[in-house]
Number of protein chains: 2
Amino acid sequence: MGFTIKDVAERAGVSPATVSRVLNGQQRYIRPETRERVLRAVQELGYLPDRRAQALRRRRTGVIGVLTPDISNPFFSLLVRGVEHEARAHGYSVLICDSQNAPEGEDRAIDALLRERVDGVIVTSVRADNTKLLKFLSKGIALVVADRPLTHLDVPTVTVDNVRDGYKLTKHLLALGYERLAFIQGPPDTATALGRWTGYLQALREHDLEPPKGAVVSGDFTFEGGYRAAKRLLRRLGAFDAIVAANDLMALGALYALRERGIAVPDELGLAGFDDIPMASWVHPRLTTVAIPAYRIGKEAMKLLCACVRTDADKVRHRVLPTRLVVGESCRPSRR
Amino acid sequence: MGFTIKDVAERAGVSPATVSRVLNGQQRYIRPETRERVLRAVQELGYLPDRRAQALRRRRTGVIGVLTPDISNPFFSLLVRGVEHEARAHGYSVLICDSQNAPEGEDRAIDALLRERVDGVIVTSVRADNTKLLKFLSKGIALVVADRPLTHLDVPTVTVDNVRDGYKLTKHLLALGYERLAFIQGPPDTATALGRWTGYLQALREHDLEPPKGAVVSGDFTFEGGYRAAKRLLRRLGAFDAIVAANDLMALGALYALRERGIAVPDELGLAGFDDIPMASWVHPRLTTVAIPAYRIGKEAMKLLCACVRTDADKVRHRVLPTRLVVGESCRPSRR
DNA sequence: TTGTACGCGTTATCAT
DNA sequence: ATGATAACGCGTACAA
């Protein structure tokens with residue numbers, strides 16, 4: 001069954017300590033012949049060290065946790081992929097905990113990560129003010145925030161400037177001649193959703209405009225949510241000439257709803273989102289959106305986490321990555 | 001920092017053993033007052049047991065592994081979700097290992113799962129004949145196969161009948177009047193890809209047809225792969241009147257390539273795939289495909305795994321789930 | 001009803 | 001260069 005280090009030691013005719021030394025690279029104080037015998041025994045038995053026992057003794061697990069709101073959202077699966085690649089390069093395993101966009105799920109996930117004794121955590125929180133995250137810090141577990149900044153905690157953070165992005169995209173639509181921009185909101189307490197909304201309002205204000213009455217609806221960052229939100233919007237058809245969704249997945253859901261109703265995009269209504277997930281360019285018309293470097297956010301967050309673990313000093317600072325406007329065909333090049 | 005059971009014991013004025021008993025549900029032989037004190041101490045310290053230490057002592061980890069070829073493929077993320085929900089209901093945690101559709105990645109993942117001492121594994125293998133999977137069985141780790149049957153191993157398996165599906169879809173296209181069906185293959189050694197191809201050939205043979213010359217190209221089950229495959233196919237434009245892709249993701253990649261070249265679907269070319277991933281119905285035209293119950297496959301596989309762990313006897317058998325043809329608009333209702 | 005003592009698999013330390 | 005031993009945090013048989 002499961003062989004232990006003792007089995008290997010016995011087969012090689014050495015002590016468990018020697019086996020451990022051979023396997024842990026302190027190879028200078030070992031006779032080549034012994035080394036050989038041990039490795040052969042390992043090979044023959046197909047011995048693989050028990051990670052749990054190792055973690056217990058070493059007092060570090062070699063596992064970092066990722067707390068993500070929705071792994072089925074391509075944006076986050078890309079972000080997690082960035083974390084994973086960088087983590088692997090540093091010898092860490094990655095434990096993914098999906099909160100399913102629910103505060104309770106997030107609390108459960110935090111407990112799970114604490115029980116697993118992860119060496120560090122990368123968090124994309126549902127709530128911008130989740131105080132339970134303090135538990136990590138109080139237990140000396142490194143914490144890095146990715147994509148969604150926290151309001152109450154000053155920890156290393158990798159984000160983009162969501163307000164700027166919301167502003168940027170809205171300005172773009174206004175420049176194209178759209179004037180009555182409906183808006184599909186993200187989850188209520190989510191930092192990115194709030195930032196984009198704020199930027200949208202700023203841009204409107206600069207043009208002495210307001211959100212069209214009854215054309216601001218709530219969503220939850222999912223395709224389904226975008227679909228339902230768009231259906232609600234369609235009851236006010238005529239009150240707006242374009243729809244801005246707080247992320248691409250909802251924009252795609254809206255596109256589906258519009259198609260169902262036979263409303264042509266961009267001829268009858270403009271449509272835009274945020275993230276630039278791959279699917280945004282797979283559909284027709286391709287989505288106008290703001291490209292957020294999800295993979296790179298994950299990668300940078302993991303780099304920061306490594307820096308945290310190494311240097312106790314907090315010379316690790318926030319990073320704000322650049323974004324890029326992606327002009328698809330979901331908005332008319334120029335209105336009249 | 002990290003509190004241990006001793007800290008709790010000390011604070012509650014009892015022995016570690018008592019704390020353990022309170023927390024592990026053998027609560028009948030404990031004085032309510034003591035119980036109270038212990039729980040209060042746990043609360044105050046925010047104590048959470050170390051899962052690794054627990055696993056070491058209990059000789060089971062409470063973790064099951066999922067070996068998946070590509071978690072970014074919506075089909076598999078749905079399958080994994082099915083596993084997760086059922087696992088949670090049985091008190092198991094889930095460790096996901098992505099082989100990135102590469103045999104080497106799969107071997108690495110197997111080692112990782114062995115080191116983690118998972119209690120059981122659900123496998124969707126890249127190769128239908130991966131002998132390294134035997135390691136699980138030889139170490140007494142329960143093994144269940146999901147979606148892609150293995151050729152060399154008789155273990156509990158949850159699948160659909162891929163040959164039948166390939167046959168079914170092809171027959172449908174032929175009935176619509178399509179006669180020259182190009183085919184985009186899946187990865188060479190993958191069971192589902194091979195099955196669908198076989199069914200396709202069977203159906204063609206029944207109509208005394210053959211795959212059109214030069215219109216069978218290889219792919220890798222990814223969107224990008226489907227895109228590239230379709231571009232290769234387009235060099236033989238005119239040799240075929242429809243494209244069958246071995247999965248939806250590739251079909252969507254092909255759709256993108258066709259659109260880029262200004263080829264109308266279904267007016268100029270028919271298009272079909274397998275899986276019925278959500279996106280298949282989000283695009284326009286919606287894809288004609290065969291619905292494979294990914295979520296249910298995952299769920300059933302986890303159920304079988306539980307059955308394996310409980311009963312050593314192999315009364316656990318294979319399960320073949322039903323599928324359903326989904327008629328989208330990507331194929332013309334009737335040719336001529 | 002509660003405490004003592006041991007063992008789970010591994011590694012760091014000290015001794016040889 | 002290698003072996004013996006303690007310790008990591010927890011659960012449980014057995015003693016009290």
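Numbers restart at 1 for each chain; the letters A, B, ... are given by sequence-line order, proteins then strands.
- The shortest side-chain heavy-atom distance between B/C97 and B/L113 falls under the 4.5 Å cut-off.
- When each of D/dC10, D/dG3, C/dT10 is scored by its nearest atom to the side-chain atoms of B/A53, the top-ranked nucleotide is D/dC10.
- Of the two residues near DNA chain C, B/P16 and B/P32, the one whose nearest nucleotide lies more 5' is B/P32.
- Closest approach to the B/T34 side chain among C/dT10, C/dT1, C/dC8 is made by C/dT1 (side chain taken as heavy atoms from C-beta onward).
- The A/S15 side chain lies nearest to D/dG3 when the options are D/dA1, D/dG3, C/dG3.
- Distance A/R58 CZ to C/dT11 P: 5 Å, rounded to the nearest Å.
- In this entry the distance linking CG of A/L56 with C1' of C/dC8 reads 9 Å, nearest Å.
- Atoms CD1 (B/I30) and C1' (D/dT12) sit 13 Å apart, rounded to a whole Å.
- In this structure, A/R31 does not pair ionically with A/E36, as no charged nitrogen and carboxylate oxygen lie closer than 4.0 Å.
- Remark: A/R59 is in phosphate contact with D/dG9, judged by side-chain N or O atoms under 4.0 Å from OP1 or OP2.
- Spacing between atom CZ of A/R57 and atom P of D/dC8 amounts to 8 Å, rounded to whole angstrom units.
- Of the candidates D/dC8, C/dT10, D/dC10, the closest approach to any side-chain atom of B/Q54 belongs to D/dC10.
- No salt bridge links B/R108 with B/E104; every basic N to acidic carboxylate O contact stays at or beyond 4.0 Å.
- Taking atom CD on A/E10 and atom C1' on D/dA4, their separation rounds to 16 Å, with Å as the unit.
- The side-chain heavy atoms of A/R81 and A/K299, taken from C-beta on, include no pair separated by under 4.5 Å.
- When side chains are defined from C-beta on, B/D7 counts as touching B/L45, because their heavy atoms get closer than 4.5 Å.
- For residues 43-52 of chain A, proximity to DNA chain C is found at A/Y47, A/P49, A/D50, defined as any non-hydrogen atom under 4.0 angstrom from a strand atom.
- A donor-acceptor contact under 3.5 Å is formed by the side chain of A/R21 with the base of D/dG3.
- Spacing between atom CZ of A/F3 and atom C1' of C/dT10 amounts to 18 Å, rounded to whole angstrom units.
- A salt bridge is defined here as a Lys NZ or Arg NE, NH1 or NH2 lying under 4.0 Å from an Asp or Glu carboxylate O, and B/R148 with B/D189 fails to meet this definition.
- In the helix from C/dT1-D/dA16 to C/dT16-D/dA1, the terminal helix axes, each the rotation mapping four pairs' C1' atoms onto the next four within five end pairs, subtend 50°, rounded to 10°.
- Here D/dA1 is the nucleotide among C/dT10, D/dG9, D/dA1 with the atom lying nearest to any side-chain atom of A/R31.
- Across every non-hydrogen atom of A/H152 and A/N130, the tightest pair is NE2-O, 3.0 Å.
- With respect to B/E106 and B/R127, no salt bridge is recorded, no charged nitrogen being found less than 4.0 Å from a carboxylate O.
- Going from atom CG of B/N24 over to atom C1' of C/dT2 covers 16 Å, rounded to whole Å.
- Ion pairing between a basic and an acidic side chain is recognised when a charged N comes within 4.0 Å of a carboxylate O; B/K132 and B/D111 show such pairing.
- Between A/R37 and A/E33, at least one side-chain nitrogen of the basic residue sits less than 4.0 Å from a carboxylate oxygen of the acidic one, meeting the salt-bridge criterion.
- B/S20 comes within contact range of at least one nucleobase, with a heavy-atom separation under 4.0 Å.
- Protein atom CD of A/E33 is 13 Å distant from nucleotide atom P of D/dA1, rounded to whole Å.
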